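Below: the structure, in structure tokens.
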Amino acid sequence: MSNKDFYETLGVAKSASDDEIKKAYRKLAMKYHPDRNPDNKEAEEKFKEVQKAYDTLSDKEKRAAYDQFGHAAFEQGMGGGAGGFGGFGGGFGGAQGFDFGDIFSQMFGGAAGGGRQPNYQGADLQVGVEVTLEEAAKGIKKRITIPTYEECDVCHGSGAKPGTSPTTCSTCHGSGTVHIRQAIFQMQQTCPSCHGSGKEIKEPCVKCRGEGRTKTSKTVEVNIPAGIDDGQRIRLSGEGEPGQHGAPAGDLYVNVRVKDHKIFERDGLDLHCELPISFAVAALGGDVEVPTLDGKVKLNIPKETQNGRRMRVKGKGIKSLRSSAVGDLYCHVVVETPVNLTDRQKELLEEFEKISTGLDRSQTPRKQSFLDKLKDLFD
């Protein structure tokens with residue numbers, strides 16, 4: 001076999017991606033396949049060259065060695081690498097050391113022949129769980145009930161009526177699979193008669209109807225980690241639907257929903273809340289109590305605080321799910337206008353308004369700024 005450049009053989013550039021190499025290989029393999037070119041020695045040699053080139057360039061380690069040393073990298077053989085492709089024999093049907101199932105798998109990602117039994121792993125299940133913001137922040141264990149199966153207590157898992165036994169499937173003869181031919185390919189699929197079990201049940205169990213298992217439910221404990229956010233999910237390996245015929249169970253995915261909170265809104269690791277304060281506290285300053293997920297803390301309101309000011313309480317947010325980082329709490333000041341005033345309160349406010357007439361611009365900066373803008377607008 002010639003030592004033609006592998007990239008040239010596949011008709012791709014040395015910078016070609018894995019997908020480009022695979023696409024080129026598929027096209028050439030179909031073109032020169034021995035079943036499409038019977039008794040054509042030239043096509044057979046081309047097919048071998050294409051296969052050899054692809055087996056080298058589709059393997060990252062082999063490709064790196066080839067790029068550095070060329071064909072010399074394989075002259076002594078590299079663990080089943082390109083040096084091991086010299087024994088194809090006479091044509092596809094009698095090839096030695098060649099498995100059409102392998103090439104089919106490489107080309108299309110499926111199995112062909114090979115006698116592989118189908119996979120009866122249980123299905124994955126999904127379930128939702130609702131937690132409060134406090135539970136999401138601190139973590140909690142929840143017990144949830146999910147549907148599952150258990151061995152039928154009448155037939156003890158055989159699926160057959162008591163006193164009878166399953167028999168070998170007459171279609172697949174117990175293999176669980178049958179072979180079908182499409183065009184030049186021979187493929188394997190699950191036996192339609194026994195659905196892959198290799199057995200036929202002529203008299204099914206009345207209780208489980210031949211499945212060998214019955215529906216039930218089970219309770220599992222889910223660890224909700226501290227810091228989890230709304231919409232995230234937790235995977236519990238092997239807690240899904242049990243597999244058939246001894247196959248492993250699927251996985252359970254727990255979708256977490258965090259309930260809306262009466263006070264706080266979450267933004268990543270940070271929390272936000274409104275902080276209503278009186279006009280007097282906003283003007284004169286003072287200490288107020290602020291709620292957090294860990295209880296109340298004191299926050300100093302500076303004098304002359306304006307409505308809408310955002311104040312930070314460091315470290316009172318949410319702990320990160322993946323690191324030691326902790327968010328902050330942001331309090332958005334709302335200066336509250338009092339309602340249902342008493343006569344005395346009204347009297348004092350009216351007096352305050354009278355003595356506030358003609359205040360210096362520095363005492364009412366926002367009002368003066370607004371008036372200046374109006375002046376510019378209408379002048």
Side-chain angles (χ1 to χ4, degrees), residues 1-119 171-173 175-192:
M1 190 179 297
S2 68
N3 278 343
K4 185 178 179 181
D5 181 82
F6 288 155
Y7 292 101
E8 186 180 343
T9 298
L10 294 181
V12 297
K14 288 189 176 182
S15 60
S17 66
D18 292 342
D19 286 341
E20 289 173 332
I21 289 173
K22 189 173 184 179
K23 184 177 180 180
Y25 166 66
R26 288 180 175 177
K27 183 178 179 180
L28 293 172
M30 294 292 288
K31 179 179 179 180
Y32 294 116
H33 197 283
D35 277 2
R36 286 194 166 187
N37 301 274
D39 301 322
N40 187 332
K41 292 294 182 181
E42 184 178 351
E44 181 182 330
E45 287 301 316
K46 286 281 189 180
F47 182 77
K48 292 177 185 179
E49 289 178 4
V50 168
Q51 178 67 33
K52 180 178 179 180
Y54 178 71
D55 281 334
T56 299
L57 300 183
S58 63
D59 184 293
K60 289 185 179 180
E61 293 182 2
K62 294 178 186 177
R63 183 178 180 180
Y66 178 75
D67 287 344
Q68 186 172 1
F69 302 108
H71 291 285
F74 307 103
E75 286 179 355
Q76 301 301 319
M78 293 185 62
F85 288 93
F88 275 91
F92 176 77
Q96 296 177 0
F98 181 79
D99 183 357
F100 179 58
D102 291 340
I103 184 175
F104 189 93
S105 178
Q106 290 170 344
M107 291 171 64
F108 303 104
R116 296 182 181 90
Q117 290 292 333
N119 183 4
T171 301
C172 66
H173 306 292
S175 68
T177 59
V178 293
H179 295 84
I180 60 173
R181 191 173 185 86
Q182 292 184 356
I184 65 170
F185 299 118
Q186 180 173 282
M187 296 183 293
Q188 174 180 286
Q189 70 176 21
T190 303
C191 175

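Computed from a predicted structure; not experimentally measured.
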Look up atom [atom1] in [X] and atom [atom2] in [Y], then write down how far apart they are to the nearest 0.5 Å.
X	Y	atom1	atom2	result
Leu28	Phe47	CG	CZ	10.5 Å
Leu57	Lys14	CG	NZ	10.5 Å
Lys4	Leu10	NZ	CG	9.5 Å

Flag side-chain contact, heavy atom, 4.5 Å: Tyr32 against Glu44: no
Close side-chain approach of Cys172 to Val178, heavy-atom, < 4.5 Å: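 When only atoms from C-beta onward are counted, Val178 and Cys172 do touch, with a gap below 4.5 Å.
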Side chain Glu45, main chain Glu42, donor-acceptor under 3.5 Å: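 Not a single qualifying donor-acceptor pair exists.
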Side-chain (Asn37) to main-chain (Lys31) donor-acceptor, under 3.5 angstrom: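 Confirmed, Asn37 side chain pairs with Lys31 backbone.
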Over all atoms of both residues, closest heavy-atom pair of Ala13 and Tyr7: O-CD2, 3.5 Å
Listed partners of Asp18 passing salt bridge (Lys or Arg N to Asp or Glu O under 4.0 Å), at least two apart: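 Only Arg63 meet the salt bridge (Lys or Arg N to Asp or Glu O under 4.0 Å) criterion with Asp18.
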Asp55 and Tyr25: side chain donor to acceptor below 3.5 Å: no
Pair Asp5-Tyr66, side-chain donor/acceptor within less than 3.5 Å: yes
